[in-house]
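Working notes, structure below.
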Amino acid sequence: MAYRHIQMPTDGDKIRMVQDKLQVPDNPIIGYIEGDGIGPDITRASLRVWNAAVEKAYGGRRRIHWCELYMGEKAAQLFDGDYFPQETKDTLKDIAVAIKGPLTTPVGEGYRSLNVALRQQLDLYACVRPVRYYQDVPSPLRHPEQVDVVVFRENTEDVYAGIEYESGSPENERLARFLRDELGERFFEDAGLGVKPISPFGSKRLVRKAIRYAIDQGRESVTLVHKGNIMKYTEGAFRTWGYEVAKEEFRDRIITEEELYNEYGGKQPEGKIVVKDRIADIIFQLLLLRPSEFDIIATMNLNGDYLSDALAAEVGGIGIAPGGNIGDEVAVFEATHGTAPKYANQDKVNPSSMLLSGVLMLEHMGWNEAADLINAAYPQVIGEKFVTYDFARQMQDAHVVSTSVFADTLIAKITGSASDLARLEQQRRETLENERKQREAQRVKDPLRAMKASGRRPMTAGHVMSAIKSVPNDASVEEAISRMGEQGISSILVEPDAQGVWGIMTQRDIVTKIVSANRSASRIKVNEIATRPLVTVSVDATLQAISMTMAENGIRRVVIEERGAPVGIVSETDLVEIVEEFGWGPEE
């Protein structure tokens, strides 16, 4: 490739994608874009810290070869007014990994946002925003240490697709007329109109990436965040497609939240990721009150924008929030704040967002040892109150330092005793694991209360059913009674008879058809007393529908069916416990 201004290092090797896996050499070429405003200050400081961590972690065996790329105001100066030159796009595709500072979007130059243009033109469909608390960073929360969440925000669809029609424009009038006349929709005259595209393709690849990240990083859960109770065919569909890709492609590595409670009694199996979902408005409250319940969040564009910034405020603000835009071939990490031009070239601002975005980049490359050194050194420096002005004004007796001195202090920590830093990071991970075990113990002890505390309200059969237990059609009643006693259950399913029909045997059957009839439990087969056919409802049936089915059939339990096969059972006792724990009232 011929370069006009970019100078490609001659002694480094390019990162490659091989069979969907990132292949990182020990001497990778990685791009960096300084950015505008404060970008050069924070980039220079961060480069020094990243280099020091890599040197300390690998003793010279690994080294990054940096390649400066151009975007924003510096690019416009070099490329005749072009803020996003083709040379930069081509190089990003060629080297696969880069990091950038904040960019100013030019006024009247055809870009809604340079950041949006970068994501869309390179198909960087996953905006990844890790948010974790670093000890001693000023925070408005009482327990910010419980926050350790990674948000996967879909970058290319939703309202950010930019499909809008201005009030009064000819295009708006045509669309409004079509909606009213052809589809029967009703809305106010002169309304601005927008389209919210959500596709199976876009949704599934985002959730797929979130689940792969959770597996690779040993995380606990992936939560699909949506407003599907209102926007059923866009955000509700995102939820549906998310569960589909989880079950179809990761069945051996995931369980759903329903399975966690219904099949495993709240105890998470080793090596399994829990996939669950929450309504978007509820998740804001839960991330304030119970942030430790959530690990990886996968959501659409607008929800992710709100959530990632709100989470950042919980741990110190957007100024220290890292981020990355990741596609299947290219990943560009970035400082997530603005350019703050009034502080440009003053060596004053906090470089944390850029710095920690580099940590995310190192983790993306698989260089976790270097990432861990920075993660461990960072709170040590903050704890000693060597901080930039933004943190200093929130602390007593702080030492106000410049951007470059903050980097110097971090480097001194990193190049000191690496074993001490590694021990601190390991202690943090052990604390998180202990907290996870405590949550698990609570789920096992009192699943309904744990369910309520985590923001999960049972609404359908799939949410509350117990896994089925069954015996063969030719088993004796005595064998079935023994199995029921071992499992602590009051009924048991009977496997299909010669006609392929399932049955059920309950404690009432034992009393009325065995004991009162003075028959032998050891000689009578379950198929002789089982009730057939089963009374069933679908896995999506509402709790009200379940109760109505019980009342209409004069029974105390119903079997839950999915795709023609029984998958669970719900009893009167289950419904009463839900009413007791969650209350009950008509839908508003």
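- Between Glu384 and Lys413 there is a salt bridge, with a side-chain nitrogen of the basic residue lying less than 4.0 Å from a carboxylate oxygen of the acidic one.
- At a threshold of 4.0 Å, the pair Asp309-Arg129 counts as salt-bridged, since one of the basic side-chain nitrogens sits closer than that to a carboxylate oxygen.
- Geometric assessment of Arg153 against the ring of Tyr160 yields a positive cation-pi assignment under the 6.0 Å and 45° thresholds.
- The shortest distance between side-chain heavy atoms of Leu311 and Val147 falls below 4.5 Å.
- Within a 6.0 Å radius of CZ in Arg4, more than 12 heavy atoms belonging to other residues, nucleotides or ligands are found.
- In this structure, CD1 on Ile283 lies 6.0 Å from OG1 on Thr223, to the nearest 0.5 angstrom.
- Between Lys14 and Asp94, at least one side-chain N (NZ, or NE/NH1/NH2) sits under 4.0 Å from a carboxylate O, which counts as a salt bridge.
- Other residues, nucleotides and ligands place no more than 12 heavy atoms under 6.0 Å from the CD atom of Gln7.
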Could you pull out all donor-acceptor pairs under 3.5 Å where a side-chain atom in residues 399-409 meets a protein atom, sequence neighbours excluded?
| unit_1 | atom_1 | unit_2 | atom_2 | d |
| --- | --- | --- | --- | --- |
| Ser402 | OG | Asp347 | OD2 | 3.4 |
| Ser402 | OG | Ser404 | OG | 3.2 |
| Ser402 | OG | Val405 | N | 3.1 |
| Thr403 | OG1 | Lys348 | N | 3.1 |
| Thr403 | OG1 | Val349 | N | 3.0 |
| Thr403 | OG1 | Val349 | O | 2.7 |
| Ser404 | OG | Asp347 | OD1 | 3.3 |
| Ser404 | OG | Asp347 | OD2 | 2.7 |
| Asp408 | OD1 | Arg48 | NH1 | 2.8 |
| Asp408 | OD1 | Arg48 | NH2 | 3.2 |
| Thr409 | OG1 | Val405 | O | 2.8 |

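- Here the options are Glu220, Glu293, Gln268, the test is side chain to side chain donor-acceptor pair (under 3.5 Å), and the partner is Arg439; only Glu220 passes.
- Exactly one residue among Phe386, Phe391, Tyr134 makes a ring pair (Phe, Tyr, Trp, His ring centres under 6.0 Å) with Tyr378. That residue is Tyr134.
- A salt bridge links Asp123 and Arg205; the closest N-O separation between the charged side-chain nitrogens and carboxylate oxygens is under 4.0 Å.
- A donor and an acceptor atom, one from each side chain of Asp90 and Gln86, are located under 3.5 Å apart.
- By the 4.0 Å N-to-carboxylate-O rule, Lys227 lies too far from Glu235 to be salt-bridged with it.
- Among residues two or more places apart in sequence or in another chain, the ring-ring contact (aromatic ring centres under 6.0 Å, His included) test is passed with Tyr58 by Trp367.
- Judged as a side chain to side chain donor-acceptor pair (under 3.5 Å), the pairs with a partner in residues 386-395 (not counting sequence neighbours) are, in order, Asn350-Asp390, Thr388-Asp390.
- In this structure a side-chain-to-backbone donor-acceptor pair under 3.5 Å is missing from Ser353 to Ile320.
- Residues meeting the salt bridge (Lys or Arg N to Asp or Glu O under 4.0 Å) test with Asp295, sequence neighbours left out: Arg219.
- The salt bridge (Lys or Arg N to Asp or Glu O under 4.0 Å) search around Glu154 returns none, not counting sequence neighbours.
- For the atom pair Asp41 CG and Gln346 CD, the distance stands at 8.5 Å (nearest 0.5 Å).
- Side chains of His226 and Asn303: no donor on one and acceptor on the other come within 3.5 Å.
- In this structure, the side chain of Thr336 engages the main chain of Ala321 through a donor-acceptor pair within 3.5 Å.
- Although no hydrogens or angles enter the test, the distance criterion places a donor-acceptor pair under 3.5 Å between the side chain of Glu87 and the main chain of His5.
- Geometrically, Lys74 does not engage Tyr83 in a cation-pi contact defined by less than 6.0 Å to the ring centre and at most 45° from the axis.
- Counting heavy-atom neighbours within 6.0 Å of Gln285 CD, excluding the residue itself, gives a total of 12 or less.
- No donor-acceptor contact under 3.5 angstrom links the side chains of Glu314 and Ser139, judged on distance only.
- Taking the ring centre of Tyr32 as origin, the terminal cationic atom of Lys100 falls outside the region bounded by 6.0 Å and 45° from the ring axis.
- Considering only heavy atoms from C-beta on, Ile95 comes within 4.5 Å of Leu69 through its side chain.
- Here the CG atom belonging to Asp158 is positioned 6.5 Å from the CE atom belonging to Met300, to the nearest 0.5 angstrom.
- Remark: the backbone N or O of Thr104 is paired with a side-chain donor or acceptor of Asp36 at under 3.5 angstrom.
- With values rounded to the nearest 0.5 angstrom, Leu355 atom CG is found 10.5 Å from Leu47 atom CG.
- Lys385 is linked by a side chain to side chain donor-acceptor pair (under 3.5 Å) to nothing, counting only residues two or more places apart in sequence or in another chain.
- Judged by distance alone, with hydrogens and angles left aside, the side-chain atoms of Thr88 form a donor-acceptor pair with the main-chain N or O of Tyr70 at under 3.5 Å.
- A salt bridge links Glu334 with Arg119: the closest approach of a Lys/Arg side-chain nitrogen to an acidic carboxylate oxygen falls below 4.0 angstrom.
- Taking the six-membered ring where the residue is Trp, the centroids of Tyr133 and His143 are separated by 6.0 Å or more.
- Between the side chains of Ser454 and Arg443, no donor-acceptor pair is found at a separation under 3.5 Å.
- Salt bridge annotation for Lys93-Glu329: absent, with no cationic side-chain nitrogen under 4.0 angstrom from a carboxylate oxygen.
- Atom OG of Ser221 is separated from atom CZ of Phe294 by 8.0 Å, given to the nearest 0.5 angstrom.
- With contacts defined as side-chain heavy-atom distances shorter than 4.5 Å, the pair Tyr243/Glu248 does not qualify.
- Remark: Glu259 engages Arg251 in a salt bridge, criterion side-chain N to carboxylate O under 4.0 Å.
- A side chain to side chain donor-acceptor pair (under 3.5 Å) with Tyr125 is found for one member of Asn325, Asn301, Asp328 and no other, namely Asp328.
- A 4.5 Å side-chain heavy-atom check between Phe250 and Ile215 finds at least one atom pair inside the cut-off.
- Residues Ile326 and His364 meet the side-chain proximity criterion, which asks for heavy atoms closer than 4.5 Å.
- No more than 12 heavy atoms of other residues, nucleotides or ligands lie within 6.0 Å of OH in Tyr306, so this atom counts as exposed by the packing criterion.
- The only option from Leu360, Val128, Val359, Leu356 that meets the side-chain contact (heavy atoms from CB on, under 4.5 Å) definition with Phe333 turns out to be Leu360.
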